[in-house]
Novice: 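Have a look at this one.
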Amino acid sequence: MNDRGTSDGPGGLMEQLLALIGEHQDTIREALDDEEYATLLARLEALAATDADDDRAVRRACQGVRLALLRLPLDHPVYRALDSLRQVAAPPEPTAVVGARELLALLMTLPTAPEPVYGTASDPASGTAPEPAYGPASEEDQLLLGAPALSADEARVRCGGAPPPELIRLRDPRDGDRYPEFQFTEGSGTPREVVLEVNRLLLADIDPWGAAAWWLSGNTWLGGTPASLLGRLPDHRLVGAATALVEGD
């Protein structure tokens, strides 16, 4: 018997995560600012509107929810669960679509629930993502801006032209666009191929702050901060860790 989508097997990991979100809904709302919480609701809305029989669409929608949760503090129970669940293989979970609908109904009863940042201007079933959120929205984002970075002009020189959209671009209200330096090989090097590959998985062109948080935060599976492990771990280990997060593979 195939247990895909059951809550007690690997296929139920997303459902477990959704249940945990419901359990900690109050502290999640307190931990996220309006924009971050609206993004989470929008990602859940996209999952709820997904065709449950479309494995690829379910994977991508689940990926969006996981990425939105990266904005939680590292010590939050849901973030800790997210870090542990990504170590377990899991196939697409069609029943997560139903779980997302039930969770949305619960979350939208909160008196301070903001409107989703997308879904009205575009069909959420299409998987259309919101415009990139480039402005720093929290103290954690400000910490990300403190990491070594290149200016837009410096990044353009390194890339030999316009930087590819896969590169994380953080907008500093004082200094303009900043490209975290770990994305480039040492010296005057070009963008690292493994970084571009991982950033595509993390949807860095849509949520650059979430992608930067993944690279610059501790990762128990890898045993360190992914950015600090570039060149020290095989590239496939980094790609595997990102894949485990966004797809559950």
Side-chain angles (χ1 to χ4, degrees), residues 10-11 13-14 16-18 36 39-40 43 46-47 50 55-74 76 78-93 96 127 129-130 132-134 140-141 143-144 147 149 163-170 179-185 189-249:
L13 291 179
M14 191 63 195
Q16 293 176 38
L17 188 59
L18 293 173
E36 293 168 339
T39 297
L40 174 60
R43 302 286 172 82
L47 176 57
T50 301
D55 284 354
R56 183 175 182 181
V58 172
R59 283 177 180 272
R60 184 172 179 83
C62 288
Q63 170 185 358
V65 173
R66 293 187 184 100
L67 289 173
L69 294 171
L70 286 177
R71 313 308 291 274
L72 289 170
L74 299 182
H76 191 279
V78 174
Y79 189 99
R80 293 201 303 266
L82 186 69
D83 193 48
S84 62
L85 287 177
R86 62 184 161 192
Q87 302 179 41
V88 185
E93 304 164 45
Y134 289 122
E140 289 184 63
D141 289 347
L143 291 176
L144 296 177
E166 294 91 343
L167 283 180
I168 296 169
R169 172 166 61 112
L170 305 179
Y179 291 81
E181 192 172 23
F182 71 80
Q183 300 180 104
F184 302 85
T185 55
T190 55
R192 298 175 185 265
E193 288 299 325
V194 64
V195 169
L196 296 179
E197 184 176 357
V198 168
N199 284 353
R200 281 190 288 269
L201 289 169
L202 298 178
L203 303 181
D205 57 327
I206 295 172
D207 185 7
W209 298 95
W214 184 87
W215 279 107
L216 296 170
S217 300
N219 185 295
T220 56
W221 192 18
L222 294 173
T225 302
S228 70
L229 298 174
L230 285 164
R232 297 168 53 194
L233 283 182
D235 289 352
H236 70 82
R237 288 280 307 280
L238 295 166
V239 174
T243 301
L245 169 65
V246 301
E247 295 187 353
D249 286 338

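For reference, positions follow the sequence shown, starting with 1.
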Novice: Step by step, work out the side-chain contact (heavy atoms from CB on, under 4.5 Å) result for Val195 and Trp215.
Specialist: CA-CA 9 Å; Val195 169; Trp215 279 107; 3.9 Å; yes
Novice: What is the distance from atom OG1 of Thr185 to atom CD of Glu193, rounded to the nearest 0.5 Å?
Specialist: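 If I round to the nearest 0.5 Å, the distance is 10.0 Å.
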Novice: Quick one: closest heavy-atom pair of Val239 and Leu201, and the distance?
Specialist: O-CD1, 4.0 Å
Novice: Can you name the closest pair of heavy atoms from Leu167 and Pro163 and give their distance?
Specialist: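 Between these two residues, the closest heavy atoms are CD1-CB, 3.9 Å.
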Novice: Taking the side chain as every heavy atom from C-beta outward, state whether Ser217 and Thr225 have any atom pair closer than 4.5 Å.
Specialist: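 A side-chain contact under 4.5 Å is absent here.
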Novice: Is it the case that the side chain of Asn199 and the backbone of Ala204 share a donor-acceptor pair, with hydrogens and angles ignored and the cut-off at 3.5 Å?
Specialist: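 Checking the backbone N and O of Ala204 against the side chain of Asn199, no donor-acceptor pair under 3.5 Å is found.
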Novice: Heavy-atom distance under 4.5 Å between the side chains of Phe182 and Leu229, does that happen here?
Specialist: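 No, their side chains stay 4.5 Å or more apart.
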Novice: Counting N and O atoms only, with roles assigned by atom type, does the side chain of Glu36 sit under 3.5 Å from a partner on the main chain of Ala68, one being a donor and the other an acceptor?
Specialist: no
Novice: What pair of heavy atoms forms the shortest contact from Leu18 to Ala96, and how long is it?
Specialist: CD1-O, 3.6 Å
Novice: Please answer whether the main-chain N or O of Ala46 pairs with a side-chain N or O of Thr50 as donor and acceptor at a distance below 3.5 Å.
Specialist: yes
Novice: If you measure from OH on Tyr179 to CG on Leu170, what distance do you get to the nearest 0.5 Å?
Specialist: 9.5 Å
Novice: Which atom names give the shortest non-hydrogen contact between Ile168 and Pro208, and what distance separates them?
Specialist: CG2-O, 3.6 Å
Novice: Would you compute the distance between atom CG of Leu238 and atom CZ of Arg192 and round it to the nearest 0.5 angstrom?
Specialist: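 Here the rounded value is 9.5 Å.
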Novice: What distance separates His236 NE2 from Thr243 OG1, expressed to the nearest 0.5 Å?
Specialist: 12.0 Å
